[in-house]
**Q** 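First, the structure itself, so that you have it in front of you.
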Amino acid sequence: MRRLVAETRLHPHQLVWPLFVGRDAAPISSMPGVMRHDVHSVAEVARQAVHAGLGGVMLFGVPDDADKDEMGTHGWLPEGMGQRAVNAVRDAVGDDLVVMVDTCLDEFTTHGHCGVLDDGGRVDNDATLELYARMAVAQARAGAHVVSPSGMMDGQVAVIREALDADGHHDVAILAYAAKYASAFYGPFREAVASTLQGDRRTYQQDPGNRREGLRETRLDLAEGADMVMVKPASHYLDVLADVAAISEVPVAAYQVSGEYSMVEAAAERGWINRRMAVEESVGSIVRAGADIVLTYWAKELAGWLK
């Protein structure tokens, strides 16, 4: 009876699995059960994602420290780790899985910020846009189905769309991180991508106390032509997610971030909560709030339970 009348239903095909790809495979200590893959192992993981019936994967390239510079050059070089990850996954699964890739400079810069810095040490929005355009084109050439600007630079969607179209990638979609907050819940992610962040990102990510701002930022990305929009983090911003879902005419995604994942894992490890029930409830609440797509580190495992 409960199954018959359920208002919210989860499906494997609405789940996206975030994957980290670097030179060497290694476990991520702050995210139990999550690995940083190399370009060989990520191909097998992508095949597992197809078998699980997942909708897609989101790839994060993790370069060596020696490959980082002030501009984030390896973000758009053909041999950059992000492009190598996309190549490996597309070679393994072709079009059987939607291949998304993070379009941001933070993993590739020595200072760890999402854009280039001006003489005062502040992120230069307009100078960063040109580099995002280069990066998106490089990712599309590597085979990405979806590019995902996550830096919260003003005008990023329009600039990327123009660059993709000019290079002939009319069918490559843009998933815009439209409402991304300067959250404490990104902590474990810093280890996953070997972040070198100096300072914080509060000048270009949103204030956690601002609800209306999330809607305003989303409307700007929609007006610039975003094919999908994202709210991040997910679980602690369900009000913003519901607002965005109510006005968006394109699919809405939400990212269940590293801190949300690790809190559940830590509590379950101590026997304080029922792990499976907590995972299903947390992802279900994100869909209930209006997400069409959920990025979660439990994607493959949850898909197995749903089957």
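FYI, the numbering just counts along the sequence from 1. The structure presented is a predicted model; accordingly, all values stated were derived computationally and were not measured.
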**Q** With side-chain contact (heavy atoms from CB on, under 4.5 Å) as the test, would you mind laying out the steps for Val123 and Met153 before giving the verdict?
**A** CA-CA 9 Å; Val123 171; Met153 297 297 121; 3.7 Å; yes
**Q** Does some side-chain heavy atom of Val146 sit less than 4.5 Å from a side-chain heavy atom of Met228?
**A** yes
**Q** Taking everything shown except Trp272 itself, do over 12 heavy atoms lie less than 6.0 Å from its CH2?
**A** no
**Q** Quick check: do Glu217 and Leu220 have side-chain heavy atoms less than 4.5 Å from each other?
**A**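 When only atoms from C-beta onward are counted, Leu220 and Glu217 do touch, with a gap below 4.5 Å.
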**Q** Shortest non-hydrogen contact from Val16 to Val57?
**A**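 In this case the closest contact between Val16 and Val57 is CG1-C, 3.7 Å.
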**Q** Taking side chain to side chain contact (heavy atoms under 4.5 Å, CB included) as the criterion, tell me which of Val157, Ile247, Asp227 meets it with Leu222.
**A**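 Going through Val157, Ile247, Asp227 one by one, the side chain to side chain contact (heavy atoms under 4.5 Å, CB included) with Leu222 is satisfied by Ile247 alone.
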**Q** Does Lys180 count as lying over the ring of Tyr255, i.e. NZ or CZ under 6.0 Å from the six-ring centre, within 45 degrees of the axis?
**A**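 So Lys180 doesn't make the cation-pi contact.
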**Q** Let's go through His145 and Leu97 carefully: what are the C-alpha distance in whole Å and the side-chain angles of both, what is the deciding distance for side-chain contact (heavy atoms from CB on, under 4.5 Å) to 0.1 Å, and is it a yes or a no?
**A** CA-CA 9 Å; His145 297 111; Leu97 192 69; over 6 Å; no
**Q** Which of these, Leu131, Asn125, Thr109, Asp126, sits in a side chain to side chain contact (heavy atoms under 4.5 Å, CB included) with Val116?
**A** Leu131
**Q** How long is the gap from CE on Met230 to CD1 on Ile293, to the nearest 0.5 Å?
**A**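 One finds 8.5 Å between CE of Met230 and CD1 of Ile293.
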**Q** How long is the span from the CD1 atom in Ile273 to the CD atom in Glu265, to the nearest 0.5 Å?
**A**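 These two atoms lie 8.5 Å from each other.
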**Q** Determine whether Glu260 and Ser282 make a side-chain contact, defined as any pair of heavy atoms from C-beta on separated by less than 4.5 Å.
**A**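 Counting from C-beta outward, Glu260 and Ser282 never come under 4.5 Å.
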**Q** Minimum heavy-atom separation for Met135 to Gly75, with atom names?
**A**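 Smallest interatomic distance, heavy atoms only, reads CG-O, 3.1 Å.
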**Q** So, do His37 and Leu19 sit near enough that their side-chain heavy atoms are less than 4.5 Å apart?
**A**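 Of all side-chain heavy-atom pairs linking Leu19 with His37, at least one is under 4.5 Å.
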**Q** Do the side chains of Tyr186 and Pro233 get nearer than 4.5 Å, heavy atoms only?
**A** yes
**Q** Compare every heavy atom of Ala234 with every heavy atom of Ala254, then report the nearest pair and how far apart it is.
**A**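 Result for this residue pair: CB-CB, 3.8 Å.
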**Q** Take atom CD of Glu281 as the centre, draw a 6.0 Å sphere, and report whether it contains more than 12 heavy atoms from other residues, nucleotides or ligands.
**A**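 Counting neighbours around CD of Glu281, 12 or fewer heavy atoms of other residues, nucleotides or ligands fall under 6.0 Å, so no.
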**Q** When you look at Arg47 and Val93, which way does the side-chain contact (heavy atoms from CB on, under 4.5 Å) test go after all the steps?
**A** CA-CA 6 Å; Arg47 295 186 189 99; Val93 301; 4.1 Å; yes
**Q** Counting N and O atoms only, with roles assigned by atom type, does the side chain of Ser262 sit under 3.5 Å from a partner on the main chain of Ser30, one being a donor and the other an acceptor?
**A**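 Indeed, once roles are kept as given, a pair shorter than 3.5 Å links the two residues.
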**Q** Between Ala144 and Val172, which heavy-atom pair has the shortest distance, and what is it?
**A** O-CG2, 3.7 Å
**Q** Take Leu175 and Met58, measure what side-chain contact (heavy atoms from CB on, under 4.5 Å) needs, and give me the verdict at the end.
**A** CA-CA 11 Å; Leu175 167 57; Met58 173 67 77; 3.9 Å; yes
**Q** Judged by atom type as modelled, is there a donor-acceptor pair below 3.5 Å linking the side chain of Asp118 to the main-chain atoms of Gly120?
**A** yes
**Q** Might you confirm whether atom CE of Met263 has over 12 heavy atoms from other residues, nucleotides or ligands at distances under 6.0 Å?
**A**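 Count over threshold, so yes.
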**Q** Once rounded to the nearest 0.5 Å, what's the spacing between atom OG of Ser148 and atom CD1 of Ile160?
**A** 9.0 Å
**Q** CZ of Arg161: more than 12 outside heavy atoms within 6.0 angstrom?
**A**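 Correct, the count exceeds 12.
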**Q** Return the CG to CD distance between Asp207 and Glu213, rounded to the nearest 0.5 Å.
**A** 7.0 Å
**Q** Got a second to check how far Leu105's CG is from Lys68's NZ, nearest 0.5 Å?
**A** 12.5 Å
**Q** Would you call the rings of His236 and Phe185 parallel, tilted or perpendicular if under 30° counts as parallel and over 60° as perpendicular?
**A**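 Answer is parallel, since the angle falls under 30°.
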**Q** To the nearest 0.5 angstrom, please state how far the OG1 atom of Thr218 sits from the CG atom of Asp243.
**A** 9.0 Å
**Q** Is any side-chain heavy atom of Gln83 closer than 4.5 Å to one of Glu79?
**A**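 They are not in contact (no side-chain heavy atoms under 4.5 Å apart), so the answer is no.
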**Q** Can you label the angle between the His113 ring and the His111 ring as parallel, tilted or perpendicular, going by 30° and 60°?
**A** tilted
**Q** How about CZ on Arg122, more than 12 heavy atoms from neighbouring residues, nucleotides or ligands closer than 6.0 Å, or not?
**A**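 Result for CZ/Arg122: open.
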**Q** Please tell me if the side chains of Val147 and Tyr132 come closer than 4.5 Å, counting only heavy atoms from C-beta onward.
**A** no
**Q** Specify the closest pair of heavy atoms between Gly290 and Val252, including all atoms of both residues, with the distance to one decimal.
**A** O-CB, 4.2 Å
**Q** Using salt bridge (Lys or Arg N to Asp or Glu O under 4.0 Å) as the criterion, point out the one residue from Arg275, Lys307, Arg276 that pairs with Glu301.
**A** Arg275
**Q** Surrounding NE2 of His51 (heavy atoms of other residues, nucleotides or ligands, distance under 6.0 Å), is the total greater than 12?
**A**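 Open: at most 12 neighbouring heavy atoms sit under 6.0 Å from NE2 of His51.
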**Q** So, for Ala133 and Val159, which heavy atoms are closest and what is the spacing to 0.1 Å?
**A** CB-CG1, 3.8 Å
**Q** Do Tyr181 and Val257 make a side-chain contact, defined as non-hydrogen atoms from C-beta onward lying under 4.5 Å apart?
**A**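 Side chain of Tyr181 against side chain of Val257, heavy atoms only: no contact under 4.5 Å found.
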**Q** Would you say CD of Gln48 has more than 12 non-hydrogen atoms from neighbouring residues, nucleotides or ligands within 6.0 angstrom?
**A**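 More than 12 heavy atoms, drawn from other residues, nucleotides or ligands, come within 6.0 Å of this atom.
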